[in-house]
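Down below is the structure, laid out as C-alpha cells.
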Amino acid sequence: MGYDWFIVSTKQSIRYVTTADQVRLAWARSGSGPALVKASNWMSHLEYDWESPVWLHWVRFLSDHFSLVRSDERGCGLSQRDPDDVSDTHWLPDLEAVIDAAKPEEPFILLGLSQGVVPAIRFAVKYPERVSRLVLYGGYIRGWALSPNPETVRMGRAMIELTELGWGRPDPLYRRLFTKQFLPEGSEEQLLWCDELCSRTIAPRMAAELFRSRGNANVTGLLDKVSVPSLVLHANRDRVAPLKQGQELAAGISNAEFVQLDSPNHILLEHEPAWQRFCDAVLEFAGVRNDTGNEVLTGLTERERGILGKLVSGMTNAEIGEALFISEKTVRNQLTRIFEKLGVSNRAQAIIFAKDHGFGPD
C-alpha cells in the first residue's frame, strides 16, 4: 500500500492510502483525546461534512472529545470514484488499510454507523486486542437482499433501478425520496443539503452499485465472537435500519449495552433530544469526562447563542428582536428550540442554566 499526504484545513488533515487492489481511499484526522476510528459509511465527504447541517454536529462532537480518524468509502466522497469492485468483501480490508495508515494509539475505540457497523464488527472480531470499545449505531446484521421479507427484497431491487434512472437528474425528485428515508424530520435546508451531497459525492452508476453491495452484507455468524465491550444505539422509528435489527445486534453480542433513542431519523439531527442522549451515552461508555452543559451550549447555533446572550442580559422578546433585526415571533420560535436543547422549560431556567455554565450576556 502507498501513502500520499496533504493538509486541507486547520480543522483536519486529509490523506490518501492506496489499497492492495490499487484503490485510493481518503481519510482524515481531527480533534484530540482518546483515539477513535469511525468506519466509513454512505454518504460522506470528508471536506463537505464540515459545512453540513446534517453531519457537522457529528464530526464536531467526535473531534471535540476524541482523536478522530474517519474515511470516505471507495466510490464516494474524496476517495476514488470509479473502482471496479465495491462489494462488501472490501469493507474490512479498506478499514484495515485506513487504520494501518493512520496508526491510531491502540487499543482504540471503534465506531460503526449504519453500514459501517458491518466492517466494525468484522475488525473487532479479527483484532480484539486492538479495540478497546465498540460503539454501533443504526446498524444492521444482514442486508436487504437477505431479508426473509419478500417485500423488503422487492423494495431494494426497485431502489437500485430508481437510482440508476434518477440519481443524476437535475431535479432532486428521486434523491429527495432517498433522503426523506434518512431524514424524515429534516428541515428543508437539511434535505436540500443532502440532495446536493448525493449528486456531488457520487455518480449514479456507483450509487446503484454501493446500494447493491449493502444487500448481501451479513455478520449474523460473527456476533457471538465479539469479545470487546460493546454499546449498541438505535433510533426506535428508523426507516433505513428498523429497530429490530438493532435489537438483534445487541442480543447477539455478549453483554452488549443497548440504548434505544426516540427518533425517526437514521441520521440524528442536532436539535433533537435523541442526539444529546447519544452523545451522553457514548461519552459515558468511553469513559470520557462529560460536561453536558458546556456540550449543549457549544452545540447552539450562532443565532441561538446571540438570543440566549440577550436573554441572560434581561431583554424581552421584543427587545431581542429589535436588537437582532428579527421578528418577535421568530424570537419566540428560536427560544422554544433553545429551551429544548438546554432541557429547560422556561426563561428563568434557561438563564440559570446559562449562568451556571459560564455563559454571560451577549
Side-chain angles (χ1 to χ4, degrees), residues 19 23 25-27 37-46 49 54-55 58-59 62 69-79 81 83 85-99 110-125 134-147 152-153 155-156 159-160 163 167 178-179 181-183 194 197-198 201-202 206-223 226 230 232-235 238-246 248-250 252-253 265-268 278:
T19 67
V23 173
L25 300 178
W27 63 275
V37 176
K38 174 184 167 294
S40 63
N41 59 273
W42 192 32
M43 285 182 303
S44 69
H45 191 296
L46 294 178
D49 287 350
V54 175
W55 284 117
W58 286 83
V59 293
L62 294 172
V69 172
R70 61 196 182 97
S71 58
D72 287 334
E73 69 174 311
R74 58 172 61 204
C76 186
L78 290 179
S79 290
R81 296 288 189 92
D85 185 1
V86 293
S87 65
D88 75 288
T89 58
H90 291 286
W91 293 356
L92 176 58
D94 286 356
L95 178 58
E96 291 172 326
V98 168
I99 291 172
L110 183 55
L111 170 63
L113 308 180
S114 190
Q115 162 261 325
V117 163
V118 172
I121 289 174
R122 290 173 178 170
F123 189 94
V125 169
L134 186 62
V135 179
L136 307 172
Y137 166 75
Y140 49 85
I141 58 177
R142 68 181 68 84
W144 57 265
L146 304 178
S147 173
T152 300
V153 178
M155 180 66 71
M159 290 290 284
I160 290 175
T163 301
W167 193 271
F178 178 84
T179 54
Q181 292 185 70
F182 282 76
L183 296 170
C194 279
L197 179 65
C198 286
T201 195
I202 191 168
M206 188 55 60
E209 289 302 315
L210 286 174
F211 188 81
R212 183 178 285 111
S213 74
R214 272 65 174 159
N216 294 312
N218 189 356
V219 290
T220 54
L222 293 180
L223 299 185
V226 176
S230 302
V232 178
L233 308 103
H234 212 100
D238 192 333
R239 299 180 186 179
V240 176
L243 177 62
K244 182 180 178 181
Q245 291 258 20
E248 290 182 9
L249 178 60
I253 298 176
N265 297 308
H266 186 60
I267 306 172
L268 296 175
F278 171 90

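Note that the numbering runs from 1 along the sequence shown for the chain.
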Shortest non-hydrogen separation from S230 to I253 and the atoms involved = OG-CG2, 3.7 Å
query = How about D88 and R122: do any of their side-chain heavy atoms sit closer than 4.5 Å?
reply = yes
key: Exercise: identify the closest heavy-atom pair between Y140 and A217   = CE1-CB, 4.4 Å
ask   = Between R81 and T201, is there a donor-acceptor pair closer than 3.5 Å when you use the side chain of the first and the backbone of the second?
value = yes
query = How close do A241 and G138 get, heavy atom to heavy atom, and via which atoms?
reply = CB-O, 3.6 Å
task = Compare all side-chain heavy atoms of M206 with those of P83 and state whether any distance is below 4.5 angstrom.
result = yes
ask   = Between S213 and S87, is there a donor-acceptor pair closer than 3.5 Å when you use the side chain of the first and the backbone of the second?
value = no
Least distance between heavy atoms, A235 atom then N265 atom = CB-O, 3.8 Å
key: Euclidean distance, L249 CG relative to T220 OG1, rounded to 0.5 Å   = 11.0 Å
query = Say you draw a straight line from CG of L110 to CD1 of I121; how long is it, rounded to the nearest 0.5 Å?
reply = 9.5 Å
query = Do the side chains of P93 and T19 get nearer than 4.5 Å, heavy atoms only?
reply = no
key: Heavy-atom closest pair, residues A145 and V153   = O-CG2, 4.0 Å
ask   = Are N216 and L146 close enough that some pair of their side-chain heavy atoms sits under 4.5 Å apart?
value = yes
task = Please step through side chain to side chain contact (heavy atoms under 4.5 Å, CB included) for the pair L25 and S71, ending with a clear verdict.
result = CA-CA 7 Å; L25 300 178; S71 58; 5.8 Å; no
ask   = Which heavy atom in N41 sits nearest to a heavy atom in Q115, and how many Å separate them?
value = CA-OE1, 3.2 Å
message = Out of the candidates E209, R212, E73, only one should pair with V86 under the side chain to side chain contact (heavy atoms under 4.5 Å, CB included) rule; please name it.
response = E209
Test of ring centre spacing under 6.0 Å for F278 and W58 = yes
request  = Answer yes or no: is there a side-chain heavy-atom contact under 4.5 Å between V37 and F123?
outcome  = no
request  = Using a 4.5 Å cut-off on heavy atoms from C-beta on, say whether the side chain of D94 contacts that of S40.
outcome  = no
Rounded distance (nearest 0.5 Å) linking atom NE2 of H266 with atom OG1 of T179 = 13.0 Å
key: Backbone N/O of A26 and side chain of D72: donor-acceptor pair under 3.5 Å   = no
message = Quick check for you: to the nearest 0.5 Å, what is the distance between L111 atom CG and L136 atom CG?
response = 8.0 Å
request  = Walk me through it: do V135 and L233 pass the test side chain to side chain contact (heavy atoms under 4.5 Å, CB included)?
outcome  = CA-CA 8 Å; V135 179; L233 308 103; 3.8 Å; yes
ask   = V54 pairs by side chain to side chain contact (heavy atoms under 4.5 Å, CB included) with which of D49, L197, I267?
value = I267
Expected output: side-chain R70 to main-chain L46 donor-acceptor under 3.5 Å = yes
query = Are the side chain of Q245 and the backbone N or O of G139 linked by a donor-acceptor pair below 3.5 Å?
reply = no
message = So V125 and V219, do their side chains get closer than 4.5 Å, heavy atoms only?
response = no
task = Could you tell me whether a side-chain N or O of R74 sits under 3.5 Å from a main-chain N or O of D85, the two making a donor and an acceptor?
result = yes
query = To the nearest 0.5 Å, how far apart are OG in S44 and CG in L78?
reply = 8.5 Å
ask   = Should Q181 and M159 count as side-chain neighbours, where that means a heavy-atom distance under 4.5 Å?
value = yes
ask   = Got a second to check how far L210's CG is from I202's CD1, nearest 0.5 Å?
value = 4.0 Å
inquiry  = Parallel, tilted or perpendicular: which one describes the rings of Y137 and H234, with boundaries at 30° and 60°?
reply    = tilted
task = Decide yes or no on side chain to side chain contact (heavy atoms under 4.5 Å, CB included) for W42 and C76, but give the supporting numbers first.
result = CA-CA 8 Å; W42 192 32; C76 186; 3.8 Å; yes
query = Checking W55 side chain against H45 main chain: does a donor-acceptor pair fall under 3.5 Å?
reply = no
